[in-house]
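In what follows, a single structure is set out as structure tokens and then discussed.
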Amino acid sequence: QVQLVESGGGLVQAGGSLRLSCLASGRTLSMYAMGWFRQAPGKERDFVAAISRSGGIIYYADAVKGRFTISRDNAKNTVVLQMNSLKPEDTAVYYCAASDRRLVYGMTYDYWGQGTQVTVSS
């Protein structure tokens, strides 16, 4: 079973950038399709981005296309979400997730991190 730990959240002004990292342990990252999700207060958890085991397939939610970039380094067991041009509506707790199934858009994930808070001020 894989364990996931997110880091890199914080407070940033609108238009700024943050880089979130997800470090996997327990199992090698290359076995998992990876995703990022976010949950704002009082709202459901939403999909943000996903990347296949090799990194060859990537999906983004429409709300973040062109601003966020997901990447992975399997040798370092790390998945990164680079977030640029941040907006107040990006404020949420961001979660990293893993699945040992082949990446399919809209799939469910089996393993989750504890989340990291991102706050974007206007």
Side-chain angles (χ1 to χ4, degrees):
Q1 181 169 331
V2 66
Q3 291 82 45
L4 306 172
V5 178
E6 304 94 336
S7 61
L11 173 64
V12 63
Q13 289 189 331
S17 298
L18 281 175
R19 182 181 175 92
L20 304 184
S21 294
C22 175
L23 177 63
S25 62
R27 302 287 293 274
T28 180
L29 187 68
S30 62
M31 298 175 61
Y32 299 93
M34 301 296 296
W36 284 96
F37 291 75
R38 65 186 182 186
Q39 187 167 21
K43 296 187 177 181
E44 294 186 352
R45 186 163 55 192
D46 291 331
F47 169 77
V48 175
I51 188 167
S52 62
R53 294 166 183 165
S54 67
I57 300 173
I58 290 175
Y59 298 119
Y60 293 104
D62 287 343
V64 307
K65 278 181 182 176
R67 299 188 298 123
F68 290 12
T69 302
I70 188 172
S71 62
R72 66 189 297 159
D73 185 338
N74 287 338
K76 295 182 178 179
N77 276 352
T78 299
V79 177
V80 170
L81 185 69
Q82 178 66 43
M83 306 187 296
N84 298 329
S85 302
L86 283 162
K87 305 175 182 180
E89 51 263 44
D90 294 318
T91 295
V93 177
Y94 283 71
Y95 298 91
C96 173
S99 171
D100 56 10
R101 296 183 297 278
R102 182 176 61 87
L103 179 66
V104 175
Y105 186 83
M107 66 188 287
T108 58
Y109 292 77
D110 303 302
Y111 307 100
W112 294 83
Q114 83 290 347
T116 185
Q117 176 70 46
V118 171
T119 303
V120 185
S121 63
S122 57

Query raised in the report: What is the distance from atom OG of Ser71 to atom CD1 of Ile58, rounded to the nearest 0.5 Å?
Result: 7.5 Å
Query raised in the report: Do you know which of Tyr95, Tyr94, Tyr109 makes ring-ring contact (aromatic ring centres under 6.0 Å, His included) with Phe37?
Result: Tyr109
Query raised in the report: What pair of heavy atoms forms the shortest contact from Val118 to Gly9, and how long is it?
Result: CG2-CA, 4.2 Å
Query - Thr91 (side chain) donor-acceptor with Val120 (main chain) under 3.5 angstrom - result: yes
Query raised in the report: Salt bridge between Lys87 and Asp90, side-chain N to carboxylate O under 4.0 Å?
Result: no
Requested in this report: Taking Arg101 for its side chain and Thr108 for its backbone only, find out whether a donor-acceptor pair lies under 3.5 Å.
Outcome: yes
Query raised in the report: For the ring pair Tyr105 and Phe47, is the centre-to-centre distance below 6.0 Å?
Result: yes
Query raised in the report: Does Gln39 reach the main-chain N or O of Ala92 with its side chain, forming a donor-acceptor pair under 3.5 Å?
Result: no
**Report entry** Nearest non-hydrogen partners of Ala24 and Val2, listed with the distance
**Finding:** CB-CG2, 3.8 Å
Query - Gln114 CD to Gln3 CD distance, which is reported to the nearest 0.5 Å - result: 12.0 Å
Query raised in the report: What distance do Met34 atom CE and Ile70 atom CD1 have between them, rounded to the nearest 0.5 Å?
Result: 7.5 Å
Query - Considering all heavy atoms, the nearest Leu18-Gly8 contact - result: CD2-O, 3.8 Å
**Report entry** Minimum heavy-atom distance Ser17-Asn84, with the two atoms named
**Finding:** OG-OD1, 2.9 Å
Query raised in the report: For Leu29, does its backbone N or O pair with a side-chain atom of Asn77 as donor and acceptor, under 3.5 Å?
Result: yes
Report summary line: When rounded to the nearest 0.5 Å, the distance separating CE of Met31 from OG of Ser99 is 11.0 Å
Query raised in the report: Is Arg27 salt-bridged to Asp100, going by a charged N under 4.0 Å from an acidic O?
Result: no
Query raised in the report: When the aromatic ring centroids of Trp36 and Phe68 are compared, is their separation below 6.0 Å?
Result: no
Requested in this report: Drop me the distance from Leu4's CG to Leu23's CG, to the nearest 0.5 angstrom.
Outcome: 8.5 Å
Query raised in the report: Between the side chains of Arg72 and Ser52, is a donor N or O closer than 3.5 angstrom to an acceptor N or O?
Result: no
Query raised in the report: How many angstroms lie between atom OG1 of Thr28 and atom CG of Asn74, to the nearest 0.5 angstrom?
Result: 6.5 Å
Query raised in the report: Between Arg53 and Arg102, which heavy-atom pair has the shortest distance, and what is it?
Result: NH2-N, 3.6 Å
Report task. Answer yes if Tyr59 and Val104 sit in the same cluster of Ile, Leu, Val, Met, Phe, Trp and Tyr residues linked by side chain heavy atoms under 4.5 Å apart, and no otherwise. Result -> yes
Query - Donor-acceptor contact present, side-chain Glu6 to main-chain Thr116, <3.5 Å - result: no
